[in-house]
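The structure under discussion appears below in the form of structure tokens.
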There are 2 protein chains.
Amino acid sequence: MVGRTRAEKMEETRAKLIGAGRKAFAEKGFAAASMDELTAEVGLTRGALYHNFGDKRGLMAAVVDQIDTTMALKAQAAGKKAGGGWEGLMAEGAAYIEMALQPEVQRIVLLDGPAILGDPAQWPSQNRCLQSTIKTLRRLASNGQIKPVDIEALARLLNGIALNAALWVAASDDARTTLPKAIAAFECLASGALNTVRNSEGNVS
Amino acid sequence: MVGRTRAEKMEETRAKLIGAGRKAFAEKGFAAASMDELTAEVGLTRGALYHNFGDKRGLMAAVVDQIDTTMALKAQAAGKKAGGGWEGLMAEGAAYIEMALQPEVQRIVLLDGPAILGDPAQWPSQNRCLQSTIKTLRRLASNGQIKPVDIEALARLLNGIALNAALWVAASDDARTTLPKAIAAFECLASGALNTVRNSEGNVS
DNA sequence: ACGCTTACATACGGTATGTATGCCTGTTTA
DNA sequence: TAAACAGGCATACATACCGTATGTAAGCGT
């Protein structure tokens with residue numbers, strides 16, 4: 001513990017502050033979270049905060065990025081485990097929805113995040129997730145498995161459905177019951193993007 | 001002007017405050033909007049505000065309700081005009097998406113509203129819209145036009161897709177180009193809820 | 001016409017954020 | 001190794017805003 005360099009200590013305080021931010025923002029919401037209390041809880045003051053993150057929003061951005069990055073990683077892992085094609089996308093969406101059961105995710109990422117930091121699709125972490133979705137969709141499209149619509153629009157709305165289903169599950173008072181309904185409806189709507197079998201006249205009904 | 005009763009004057013001040021709220025919340029966002037400035041702009045003070053709306057959130061709720069109610073009415077009108085069945089639902093969604101071009105709608109209803117007032121599905125105005133959607137879906141379901149999934153889930157996610165498409169259009173820097181893509185993708189995904197023509201083996205592909 | 005309710009203004013307290021300044025520790029250099 | 005340096009962080013302060021408590025004047029009922 002003696003030979004800790006300055007950069008190491010700074011990393012540690014950043015981690016402490018982000019951790020305290022996760023707790024405070026999740027429990028009280030962004031507006032009601034006091035930076036004085038938050039910093040004091042990890043043995044620091046606001047001086048450390050403003051030095052490391054600039055302002056309150058800066059801390060929020062760091063917190064959101066941390067949570068959202070791990071969410072994206074987990075979701076993509078679930079997708080790969082399920083095969084990587086359309087099944088993978090569905091698994092990814094379902095995993096995303098399930099994570100909304102965590103209050104931390106609900107409040108910080110789904111509710112306050114967009115209001116404080118703006119459109120989630122612009123966040124660095126979300127862009128990574130979106131790009132991954134787009135890539136998968138392009139592959140499916142080139143195989144003819146997907147209807148001819150704008151890929152980016154499809155990717156964004158697919159993510160949006162998952163996010164909205166997550167919000168619904170989060171807001172419901174009996175999450176364990178609504179979760180399967182939400183996932184089923186998600187997959188039902190998502191299937192609209194799949195090419196269907198054509199009947200004898202060549203129409204898709 | 002002499003014979004104005006008290007209730008009439010109060011209605012007028014409420015209207016003034018809501019109007020000022022729409023402007024301030026849209027231009028500066030909820031957090032940055034100062035109630036002192038806001039009330040002064042219509043020749044009042046915070047006294048009037050706290051008497052009529054209780055607190056800052058109360059004014060926000062009134063503003064959101066006003067905007068969202070007119071949105072729901074417009075969307076439902078578009079739906080009826082298009083026939084009322086599935087086509088009506090699609091038209092409703094498209095109308096909803098188009099309204100997101102207004103900055104007032106973006107900031108107040110789509111961004112700050114959920115963060116300040118909670119789940120949009122719980123708002124009085126949104127509940128009316130949701131109930132209307134559910135009613136239409138039930139009728140379609142009893143006709144066998146819709147896949148057997150939870151109707152409430154479907155309605156919420158359909159509204160959610162429209163809302164998310166609206167957000168995307170709102171955030172894009174070239175809304176007029178993005179809008180048609182968003183509407184097309186919306187209708188594509190929504191069609192996933194429709195029953196498809198069955199092939200000779202009785203499978204839906 | 002009189003008293004009382006009520007709509008609104010004014011004044012104040014508490015608390016939050018952001019900034020400017022200073023200290024102290026770890027690093028660098030001669 | 002010692003001294004100068006720099007950067008991370010604490011402290012003190014300025015500013016702003018919300019919510020409330022109190023005051024006042026105008027209208028409504030009786």
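Numbered from 1 within each chain, the chains take letters A, B, ... in sequence-line order. No experiment lies behind these values; they were computed from the predicted model shown.
- Atoms CE (A/M10) and P (C/dT27) sit 14 Å apart, rounded to a whole Å.
- Atoms CG (B/L59) and P (C/dC8) sit 14 Å apart, rounded to a whole Å.
- For A/T45, taking side-chain heavy atoms from C-beta onward, the closest of the listed nucleotides C/dC8, D/dC9, D/dA10 is D/dA10.
- Residue A/A40 is classed as having no contact, given no heavy-atom separation below 4.0 Å to the nucleic acid.
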All N/O pairs under 3.5 Å across the protein-nucleotides 19-21 of chain D interface:
{"residue": "D/dG19", "atom": "OP2", "partner": "B/Y50", "partner atom": "OH", "Å": "2.6"}
{"residue": "D/dG19", "atom": "OP2", "partner": "B/K56", "partner atom": "N", "Å": "3.4"}
{"residue": "D/dG19", "atom": "N7", "partner": "B/R46", "partner atom": "NH2", "Å": "2.7"}
{"residue": "D/dG19", "atom": "O6", "partner": "B/R46", "partner atom": "NH2", "Å": "2.2"}

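- Note on A/A31: nothing from the nucleic acid sits closer than 4.0 angstrom, heavy atoms only.
- Residue A/T13 has a polar side-chain atom (N or O) positioned under 4.0 Å from OP1 or OP2 of D/dC9.
- In this structure, the NZ atom of A/K16 is 16 Å from the P atom of D/dG8, given to the nearest Å.
- Looking at B/Q106, its side chain does come within 3.5 Å of a backbone N or O of B/A100 through a donor-acceptor pair.
- With rounding to whole Å, B/L49 atom CG is found 15 Å from C/dT10 atom C1'.
- Using a 4.0 Å cut-off, some side-chain N or O of A/N52 falls inside it from OP1 or OP2 of D/dC9.
- Protein atom CD of A/E12 is 15 Å distant from nucleotide atom P of D/dG8, rounded to whole Å.
- Rounded to whole Å, the distance from CG on A/D36 to C1' on C/dG18 is 11 Å.
- In this structure, A/H51 reaches the D/dG8 phosphate: one of its side-chain N or O atoms is under 4.0 Å from OP1 or OP2.
- Minimum atom distance to the side chain of B/S34 is reached by D/dC17, of the listed D/dC17, D/dC9, C/dC8.
- Enclosure of atom NZ in A/K147 by more than 12 non-hydrogen atoms of other residues, nucleotides or ligands within 6.0 angstrom is indicated.
- Using a 4.0 Å cut-off between a side-chain N of Lys or Arg and a carboxylate O of Asp or Glu, B/E98 and B/K74 do not qualify as a salt bridge.
- Distance CD (B/E11) to C1' (C/dT6): 15 Å, rounded to an integer number of Å.
- In this view, A/E104 and A/R22 satisfy the salt bridge (Lys or Arg N to Asp or Glu O under 4.0 Å) rule, not counting sequence neighbours.
- The salt bridge (Lys or Arg N to Asp or Glu O under 4.0 Å) pairs that include a residue from residues 78-87 of chain A number zero, where partners must be two or more places apart or lie in different chains.
- Residue A/I161 forms a side chain to side chain contact (heavy atoms under 4.5 Å, CB included) with just one option from B/N164, B/L158, B/L189, and that option is B/L189.
- Look at CZ on A/F53: it is 15 Å from P on C/dT17, rounded to the nearest Å.
- Of the candidates A/N195, A/I146, A/I151, A/L194, A/I146 is the only one forming a side chain to side chain contact (heavy atoms under 4.5 Å, CB included) with A/L140.
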